[in-house]
Amino acid sequence: MGYHRAGFEVVGVDIRPRPNYPFQFILLDALEAMRELCQEFDLVHASPPCQPHTALTKGTNFGRQYIDLLPQMRELCTWYGVPWVIENVPGAGIRRDLTLCGEMFGLGVIRHRYFEINWWGGEPEQPEHIAHRGPVRGWRHGVWRDGPYIAAYGRGGGKGTVAEMQDAMDIHWTDVHEELTEAIPPAYTEYIGRQFQRPGGWGSVQRGEPDTEPIPECIRPYLKHSPEGRLVSV
């Protein structure tokens with residue numbers, strides 16, 4: 001939804017059916033979709049499963065095994081030379097090119113997320129990480145804490161209800177608990193999408209604007225010069 005708000009035509013991919021998804025949807029393994037379709041898009045955003053990296057897995061669910069798809073997704077993105085964003089939770093093995101927090105956008109969740117981005121021009125503009133206004137509401141180690149944020153994961157212990165998660169993250173196209181707990185606020189991707197499109201921004205080469213930054217060698221095969229002398233997608 002965030003990229004849609006920023007002006008993109010959005011296509012979603014998941015290995016499981018998502019009937020509530022509001023845009024075109026492809027039922028396919030994400031890695032397979034990358035190999036078959038990635039070069040048809042101006043920007044690829046990947047959110048590999050976060051379970052291998054979450055604090056919950058390392059604590060409450062310690063011992064459970066999860067596949068880490070981050071390295072494979074990064075390798076595919078790099079190999080095919082597409083503009084890409086990889087998102088995951090704190091603790092994941094990705095570069096922290098950009099860190100976003102719900103408080104930066106006045107939301108009712110903290111929900112820190114890291115973004116690894118192959119910037120083509122300029123640097124990502126990092127919003128100020130505003131001080132949190134209090135704790136996340138709920139029980140922690142037998143102590144009740146009340147605060148302005150809800151816990152948008154799990155159940156019980158004062159965690160957010162479906163309606164609270166919808167309002168806190170500004171997500172109203174689904175009421176499925178699992179989908180809400182795995183989602184990121186659309187404000188995050190709207191912010192990234194607008195940076196991609198700004199004049200001179202990291203997506204400017206894809207839009208055929210003058211080349212002002214060195215182009216990675218792995219990307220050059222997918223670009224050509226237009227009659228006006230600009231680099232455009234093949």
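The model shown is predicted, which means the values in this text are computed figures rather than measured ones.
Under the ring-ring contact (aromatic ring centres under 6.0 Å, His included) criterion, W139 pairs with W144, not counting sequence neighbours.
Looking at T78, its side chain never comes within 3.5 Å of a backbone N or O of E75 through a donor-acceptor pair. Between the side chain of Y149 and the backbone N or O of R133, at least one donor-acceptor pair lies under 3.5 Å.
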Got a list of side-chain donor-acceptor pairs under 3.5 Å for residues 24-34, not counting sequence neighbours?
| residue | atom | partner | partner atom | Å |
| --- | --- | --- | --- | --- |
| D29 | OD2 | L31 | N | 3.0 |
| D29 | OD2 | E32 | N | 3.1 |

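Ring geometry for H45 versus Y3: interplanar angle over 60°, hence perpendicular rather than tilted (30 to 60°). A tilted orientation is assigned to the rings of F23 and H4, their planes being inclined by 30° to 60°.
Heavy-atom contacts from other residues, nucleotides or ligands closer than 6.0 Å to CD of E178 number more than 12.
Here the closest non-hydrogen pair linking K159 and A151 is CB-O, 3.7 Å. Across all non-hydrogen atoms, the minimal contact from D42 to P83 is O-CG, 3.1 Å. Closest approach of V82 and C38 over heavy atoms only: CG1-O, 3.7 Å.
The ring-ring contact (aromatic ring centres under 6.0 Å, His included) analysis of residues 93-113, with sequence neighbours excluded, yields the pairs F105-Y188, H112-H129, H112-H132.
In this structure, W84 and E116 have side chains that are in contact, with non-hydrogen atoms separated by less than 4.5 Å.
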Worksheet item: Passes side-chain contact (heavy atoms from CB on, under 4.5 Å), Y21 versus E179? Steps please.
Response: CA-CA 10 Å; Y21 191 71; E179 294 178 353; over 6 Å; no
